[in-house]
Number of protein chains: 2
Amino acid sequence: MPRNRCGRHGNSPCSCGMGNIYRFVEPVVLFLLKTKGHAHGYELARDMKDCSLTDAAIDLGGLYRVLQRLEVEALVASEWDTSGSGPARRVYSITSAGEYRLREWVAVIGNMSRSMDAFLRRARASDIEPLPDSPEADVAGSDATAADDRK
Amino acid sequence: MPRNRCGRHGNSPCSCGMGNIYRFVEPVVLFLLKTKGHAHGYELARDMKDCSLTDAAIDLGGLYRVLQRLEVEALVASEWDTSGSGPARRVYSITSAGEYRLREWVAVIGNMSRSMDAFLRRARASDIEPLPDSPEADVAGSDATAADDRK
DNA sequence: CTCTATATATGCAACTTGCATATATAGAGT
DNA sequence: ACTCTATATATGCAAGTTGCATATATAGAG
């Protein structure tokens with residue numbers, strides 16, 4: 001069941017209900033590998049918070065699976081890095097097929113962004129205002145308000 | 001497997017790989033019901049083409065299931081319309097809970113649109129250009145080109 | 001009588017997701 | 001030694017979602 005409230009963004013509507021859809025994670029992974037040169041999974045999970053396409057928290061398990069699939073598709077390549085301390089890291093880099101895919105993603109996301117802007121303009125033209133973030137949301141002791149009594 | 005090419009949009013990258021995700025269909029359905037007042041499923045499927053958030057073709061089966069779930073969640077209400085010719089139509093209208101949900105969606109989509117714009121700016125700043133639509137795409141006899149030899 | 005458009009709905013295999021869990025290295029603190 | 005935490009990768013699995021095919025039915029056109 002899709003919910004526009006996840007409880008992790010105060011009481012405000014968020015896109016967590018969109019899920020950690022790998023199709024949203026994939027372009028960000030490819031972008032980070034392209035700009036950083038190389039990175040391992042755990043590192044990507046942190047960097048991703050700054051440029052993810054949804055509000056959803058990154059699921060590490062899901063991220064590793066995305067990376068595995070990208071490697072099967074030959075869009076990224078990896079090798080183990082056992083230097084440094086701590087557990088070994090699997091370090092990924094983007095392939096030329098991956099760079100091509102990234103450019104496809106930029107086109108797709110550009111289209112979606114335009115569709116969403118058009119939708120938002122229509123909504124505004126029909127006086128449908130976005131639900132503003134609730135300021136009292138971050139208060140810990142916030143009971144369910146009248147506006148929140150949905151399942 | 002996600003693909004940025006579906007074969008239904010010439011040879012250009014599209015968001016069909018994003019799927020007919022009901023989370024993208026739901027806000028459009030709510031918007032159309034809000035602005036039209038009421039509509040039946042088959043009608044919504046057609047109207048949706050003009051303001052859908054992805055390039056994906058509407059799957060009628062999926063749309064009817066979205067409508068069923070929205071009704072269970074009391075975001076829409078329906079009744080049969082047996083007037084007029086042809087098969088009976090189930091006519092839907094939006095409830096006040098549905099209008100509230102729609103405003104949540106407008107907020108969520110606003111956030112996503114901003115995230116996507118930020119992503120696109122970053123990509124552009126890194127000289128990652130969107131893959132342009134292939135002009136030869138609509139030509140029927142187009143063989144797989146060198147750029148297209150991915151599975 | 002057949003074909004097509006309209007209209008709603010279900011069946012199902014394959015795929016995706018969120019969450020829990022397993023495994024292991026290493027530093028900091030007690 | 002022992003515990004705790006952070007780092008790091010990975011899998012298991014139930015529940016949910018998707019795309020496509022299919023079933024059903026009304027009515028107009030030819």
Side-chain angles (χ1 to χ4, degrees), chain A residues 1-3 5-8 14-26 29 38-48 52 54-73 76 78-92 151, chain B residues 1-3 6-8 14-26 29 38-48 52-73 76 78-92 151:
Chain A
M1 294 81 186
R3 259 171 277 146
R5 312 279 189 146
C6 69
R8 279 169 296 198
C14 59
S15 59
C16 285
M18 301 293 311
N20 243 325
I21 321 187
Y22 69 71
R23 306 170 222 224
F24 282 132
V25 172
E26 182 180 310
V29 165
H38 48 80
H40 59 274
Y42 200 81
E43 183 186 357
L44 288 169
R46 273 179 302 186
D47 295 343
M48 208 172 287
S52 102
T54 70
D55 309 318
I58 304 305
D59 178 66
L60 264 176
L63 176 59
Y64 285 119
R65 273 190 271 243
V66 166
L67 288 167
Q68 287 163 7
R69 227 206 25 266
L70 287 174
E71 187 154 31
V72 169
E73 291 187 69
V76 303
S78 78
E79 50 184 32
W80 284 102
D81 172 14
T82 52
S83 74
S85 84
R89 282 134 281 151
R90 190 185 276 279
V91 176
Y92 289 91
K151 179 172 51 193
Chain B
M1 294 84 186
R3 259 172 277 147
C6 70
R8 279 169 295 197
C14 59
S15 59
C16 285
M18 301 293 310
N20 243 324
I21 322 188
Y22 68 71
R23 306 170 222 222
F24 282 132
V25 172
E26 182 181 310
V29 165
H38 48 80
H40 60 274
Y42 200 81
E43 182 186 357
L44 288 168
R46 272 178 303 185
D47 295 343
M48 207 171 288
S52 101
L53 299 178
T54 71
D55 309 318
I58 304 305
D59 178 65
L60 265 175
L63 176 59
Y64 286 118
R65 274 191 270 245
V66 166
L67 288 167
Q68 286 163 6
R69 227 204 26 266
L70 287 174
E71 186 155 30
V72 169
E73 292 188 68
V76 303
S78 78
E79 50 184 32
W80 284 101
D81 172 13
T82 52
S83 75
S85 84
R89 283 133 282 151
R90 189 184 278 280
V91 176
Y92 290 91
K151 181 173 50 192

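Every chain is numbered from 1, with letters handed out A, B, ... down the list of sequences.
Rounding to the nearest 0.5 angstrom, the gap separating the CG atom in B:Leu70 from the CZ atom in B:Arg65 is 14.0 Å. Rounded to the nearest 0.5 Å, atoms OH (A:Tyr64) and NE2 (A:His40) are 7.0 Å apart. Separating the OH atom in A:Tyr42 from the CG atom in A:Leu60 is a distance of 6.5 Å, to the nearest 0.5 Å.
With D:dA10, C:dC19, C:dA7 as the candidates, the nucleotide lying closest to the side chain of B:Arg89 is C:dA7. If you check C:dC19, D:dA8, C:dA9 against the side chain of A:Tyr42, the one that comes closest is D:dA8.
Heavy-atom distances under 4.0 Å link DNA chain C to A:Arg65 of residues 61-68 of chain A, given in residue order.
Applying the salt bridge (charged side-chain N to carboxylate O under 4.0 Å, His left out) criterion to A:Arg89, with sequence neighbours excluded, gives A:Asp81. Residues that satisfy the salt bridge (charged side-chain N to carboxylate O under 4.0 Å, His left out) test with A:Asp47, not counting sequence neighbours, are A:Lys36. Listed by chain and residue number, B:Glu71, B:Arg90 satisfy the side-chain hydrogen bond (donor to acceptor under 3.5 Å, both in side chains) test with B:Ser78 (two or more places apart in sequence, or in another chain).
Considering all non-hydrogen atoms of both residues, B:Gly41 and B:Leu63 come closest at O-CD2, 3.4 Å. For the pair B:Ala88 and B:Thr82, the tightest heavy-atom approach, listed with the atom from each and the gap, is CB-CG2, 4.0 Å. The two residues A:Ile58 and A:Ala45 come nearest to each other via the heavy atoms CG1-O, 4.1 Å.
Across the interface with DNA chain D, nearest-nucleotide mapping of B:Ala56 and A:Gly41 shows A:Gly41 to be the residue nearer the 5′ end.
In this structure, B:Glu43 places its CD atom 19 Å from P of C:dA5, rounding to the nearest Å. Rounded to a whole Å, the CG atom of A:Asp81 is 10 Å from the P atom of D:dA8. The CZ atom of B:Phe24 sits 12 Å away from the P atom of D:dG19 (whole-angstrom rounding).
Heavy-atom neighbours of B:His38 NE2 from other residues, nucleotides or ligands within 6.0 Å: at or below the threshold of 12.
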- What does nucleotides 24-30 of chain D look like as a protein-contact string, B for base, S for sugar-phosphate only, - for none, at under 4.0 angstrom between heavy atoms? -BBSS--
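For the pair B:Arg46 and C:dA7, the criterion of a side-chain N or O lying under 4.0 Å from OP1 or OP2 is met.
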- Quick one: do A:Asp59 and A:Val25 satisfy side chain to side chain contact (heavy atoms under 4.5 Å, CB included)? Show the steps, please. CA-CA 10 Å; A:Asp59 178 66; A:Val25 172; over 6 Å; no
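Helical stems of DNA chain C (runs of at least 3 Watson-Crick or G-U pairs, donor-acceptor distances under 3.5 Å) are listed by first residue: C:1-30 with D:1-30.
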